[in-house]
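This report concerns only the one structure given below.
A quick note: this is a predicted structure, and the numbers were derived from the prediction, not measured. A, B, ... follow the sequence lines: proteins, then strands. Residue 1 opens every chain.
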Amino acid sequence: MKNILNNINKAFDHRVRLGIMSILVVNEYADFKTLKELLGATDGNLASHSKALEKVEFIRVEKQFIGRKPNTRYYATKLGKMEFKKHVEALEKLLKG
Amino acid sequence: MSSEDYLKDISEIKNLMNKSSRFISLSGLAGILAGFYALIGAGFAYWLVSKSTRGYLILDGEIFRIILLDLVLVLIFSVGTAIYLTTRKAKKNGERIWDATTKRLLINFLVPLIAGGLYILIILSQHKYGHTGALMLLFYGLALINASKHTVKDVKYLGYTEIVLGLIGALYPGYGFWFWVLGFGVMHIFYGSLMYFKHERGQ
């Protein structure tokens, strides 16, 4: 039991953060607007949660311009994907156990 | 956290994974109608060939040109219906019709399909037409499987079915027409109904 709980990651302990990771592990990348629409989060909410994930290097952010519009793309890092997988497996184990 | 919370987390994760990578508003009704168009088109072609004096199809005749036109009409009606009904369903579901997912869906679908279509036109121009029906089924099946990772699962099974029919059809070149009817007519109606009853009924 203790082992399983070790794999429950505090970084994913919020709906929006869990949501960001869920989207990024099955897509090459997602931009800010797409994440916002899918998660139904506000700008500030999404920005602060994505920053938290960026800080622990679970996601990577690329800023660029499409024409004259700024565009921010989010990518899941290798580490992020691995940690997310562990987290989901732990959740599933907890449900079974 | 209670196990109810964990369950909610898991279902939220699954839901977001699907919503962000799959276009789920594909219309089953459009599949059913495409099947009927194919049956009508095939029925017309069959009538045309059997009432002609020869009773079989040759490549340069007038009848062949009419059948090509018949085929193009079936295609246009099917695609038109699919676009109309799918757009309508996407609007109802609040899903965007033109985003990264639908773009990927279309590209993955169209690349094998267009490659196959051009290949079929090339071999037709070289007067090899025994396998046309089988090749259409094969390439269509491959296109469906390729596109299926970006939409509902039923599309993948329709793809496998078309490939199997195409391969059996290639073994019996004389019956290509009937395998075509089975693949493009009957199977569209079958899988379209499956999708319709699973996802659309009562919506």
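In terms of heavy atoms, B/I10 sits closest to A/E92 at CD1-CG, 3.6 Å. The nearest pair of heavy atoms linking B/R104 to A/N27 is NH2-OD1, 3.1 Å.
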Evaluation steps, side chain to side chain contact (heavy atoms under 4.5 Å, CB included), between A/L95 and B/L7: CA-CA 7 Å; A/L95 278 174; B/L7 198 65; 3.6 Å; yes
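To the nearest 0.5 angstrom, A/E37 atom CD is 8.5 Å from B/D99 atom CG. Note that the CG atom of B/D9 and the CG atom of A/L94 stand 10.5 Å from one another [nearest 0.5 Å].
Within 6.0 Å of CD in A/E57 there are 12 or fewer heavy atoms belonging to other residues, nucleotides or ligands. The local environment of CZ in B/F36 is sparse, with at most 12 non-hydrogen atoms from other residues, nucleotides or ligands closer than 6.0 Å. Counted within 6.0 Å of OH on B/Y175, heavy atoms from surrounding residues, nucleotides or ligands total 12 or fewer; the atom is thus considered open. Heavy-atom neighbours of A/Y75 OH from other residues, nucleotides or ligands within 6.0 Å: above the threshold of 12.
Neither the backbone nor the side chain of A/F12 comes within contact range of chain B; no heavy atom of the residue lies under 4.5 Å from a heavy atom of that chain.
Screening A/L35, A/L38, A/L39 against B/S20 for a side-chain contact (heavy atoms from CB on, under 4.5 Å) leaves a single residue, A/L38.
Contact of the A/L91 side chain with the B/I13 side chain is registered, since non-hydrogen atoms from C-beta on lie closer than 4.5 Å.
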